[in-house]
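Okay, structure first, notes after.
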Amino acid sequence: MSSVNKSGTYKLGDRSVRRLGYGAMQLAGKGVFGPPKDHDAAVAVLREAISQGVNHIDTSDYYGPHVTNKLIHEALAPYPDDLVLVTKIGARRGEDASWLPAFTADELEQAVYDNLRNLGLEVMDVVNLRIMFGVHGPAEGSIEAQVTKLAELQRKGLVRHIGLSNVTRSQIAEGRRICDIVCVQNQYNLAHRDDDALIDELARAGIAYVPFFPLGGFSPLQSSTLSGVAERLGATPMQVALAWLLRRSPNILLIPGTSSVGHLRENLAAAELELSTEVLNELDGVAKAA
């Protein structure tokens, strides 16, 4: 059995996906801008992910821009029947590689068409609306107009399901009043657990939670605690971080990214890592460490 199969499955809209997926962001060039350093290696990573059983790939046409979606199409089309491709819209790249909001109705519609064209699809499985109100994380502000536009594109048959990214609890509630929300993508990991209560609320509603930056923003003390656990278990810190997330809640779907086949295999092996109650208690204390 593939390691990925041991991660279990969860519903993403009307599809069932394995909980350990793949995020394509790192396939683009430095700073997620321009082409990859090694085109053939990027294609190999995507094909290896599929061969290992991954059936949930997270991407966006603003990675590159256009780079990762074209790589996915080149490497994987015609797509496996069980593959779910999830994209994000709501941002664009400046010529200086900056990240800029792209929130108007016309920009959102064009972004959906760009994703469809570069992925070679007629309909997107899931489109996440990335909220760009805050520089360093979620920030309050109405998203009614943007979600309403996405719901319109859904009714036109261009989008099957809608998700939200970088959002607050009130924005999720606002979005759910307009249409079904199938997933939420926010930063969450052992050290940053602001969404603890939200994850449990979403689980009760049958909504997937997709954390990004599984090793982002750790203090030196937090990192040393994680590294110590990993060393005792004969694992990498990333494997431990991913294994903890898999056990945190059944509605969590993971999308670790890498541009290396070897690193990809390491990440996927996290599904086989056993964490004892003692280890889980120690890891739960990471968030409290200074």
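Residue Ala241 comes nearest to Leu226 through the heavy atom pair N-CD1, 4.3 Å, listed as atom of the first residue, atom of the second, then distance. The minimum heavy-atom distance linking Gln154 with Arg160 is given by the pair NE2-O, 2.8 Å. In plain terms, the two heavy atoms of Ser259 and Leu27 that are nearest each other are CA-CD2, 4.1 Å.
Between Glu201 and Arg169 there is a salt bridge, since a side-chain N of the basic residue sits under 4.0 Å from a carboxylate O of the acidic one. Using a 4.0 Å cut-off between charged side-chain N and carboxylate O, Arg248 and Asp196 make a salt bridge. A salt bridge links Arg18 with Asp82: the distance from a Lys NZ or Arg NE/NH1/NH2 to an Asp or Glu carboxylate oxygen falls below 4.0 Å. A salt bridge is absent between Glu152 and Arg155: the closest approach of a Lys/Arg side-chain nitrogen to an acidic carboxylate oxygen does not fall below 4.0 angstrom. Residues Glu282 and Arg232 are paired through a salt bridge, judged by an N-O separation under 4.0 Å between the basic side chain and the carboxylate. Using a 4.0 Å cut-off between a side-chain N of Lys or Arg and a carboxylate O of Asp or Glu, Asp125 and Arg15 qualify as a salt bridge.
A donor-acceptor contact under 3.5 angstrom links the side chains of Asp284 and Trp244, judged on distance only. Side chain to side chain, Glu174 and Ser142 meet the donor-acceptor criterion of an N or O pair below 3.5 Å. Ser260 and Thr258 share no side-chain donor-acceptor pair at under 3.5 Å. No hydrogens or angles considered: nothing links the side chains of Thr225 and Gln222 as a donor-acceptor pair under 3.5 Å. Between Asp195 and Asn186, the side chains place a donor N or O and an acceptor N or O closer than 3.5 Å (distance only, hydrogens not considered). Asp106 and Gln110 form no side-chain donor-acceptor contact under 3.5 Å, judged by distance and modelled atom types alone.
Side-chain contact between His39 and Leu71 is present, with heavy atoms from C-beta onward closer than 4.5 Å. Between Pro214 and Met238 the shortest side-chain heavy-atom distance falls below 4.5 Å.
If you take CD on Glu109 and NZ on Lys156, they are separated by 4.5 Å, rounding to the nearest 0.5 Å. Distance check: Tyr22 OH to Leu264 CG gives 7.0 Å after rounding to the nearest 0.5 Å. For the atom pair Asn166 CG and Met132 CE, the distance stands at 8.0 Å (nearest 0.5 Å). Note that NZ of Lys6 is 12.5 Å distant from CG of Leu268, once rounded to the nearest 0.5 Å. Taking CD1 of Ile89 as the start and CG of Leu108 as the end, the distance is 4.5 Å to the nearest 0.5 Å. Atom-to-atom distance recorded for His66:NE2 and Ser60:OG is 10.0 Å, nearest 0.5 angstrom.
Sparse packing is recorded around CG of Asp81, with 12 or fewer heavy atoms of other residues, nucleotides or ligands lying under 6.0 Å away. Under a cut-off of 6.0 angstrom, the local environment of CG in Asp180 is sparse, with at most 12 non-hydrogen atoms contributed by other residues, nucleotides or ligands. Open room surrounds CZ on Arg176; 12 or fewer heavy atoms of other groups in view lie less than 6.0 Å from it. Residue-environment remark: CD (Glu231) stays at or below the threshold of 12 foreign heavy atoms within 6.0 Å.
Linking ILVMFWY side-chain heavy atoms closer than 4.5 Å, directly or via other members, places Val184 and Ile255 in two distinct hydrophobic clusters.
Sorted by first and then second residue, the ring pair (Phe, Tyr, Trp, His ring centres under 6.0 Å) pairs involving residues 69-110 (not counting sequence neighbours) are Tyr62-Trp99, Phe103-Phe133.
Of the candidates Asp61, Thr59, Thr68, Asn118 forms a side chain to side chain donor-acceptor pair (under 3.5 Å) with just one, namely Asp61.
Partners of Tyr10 according to the ring-ring contact (aromatic ring centres under 6.0 Å, His included) rule, which considers only residues two or more places apart in sequence or in another chain, do not exist here.
Counting side-chain heavy-atom gaps under 4.5 Å among Ile, Leu, Val, Met, Phe, Trp and Tyr, the cluster of Phe212 also holds Phe213.
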Go through Gln187 and Asp194 one step at a time and tell me if the side chain to side chain donor-acceptor pair (under 3.5 Å) criterion holds.
-> CA-CA 9 Å; Gln187 180 178 3; Asp194 292 346; over 6 Å; no
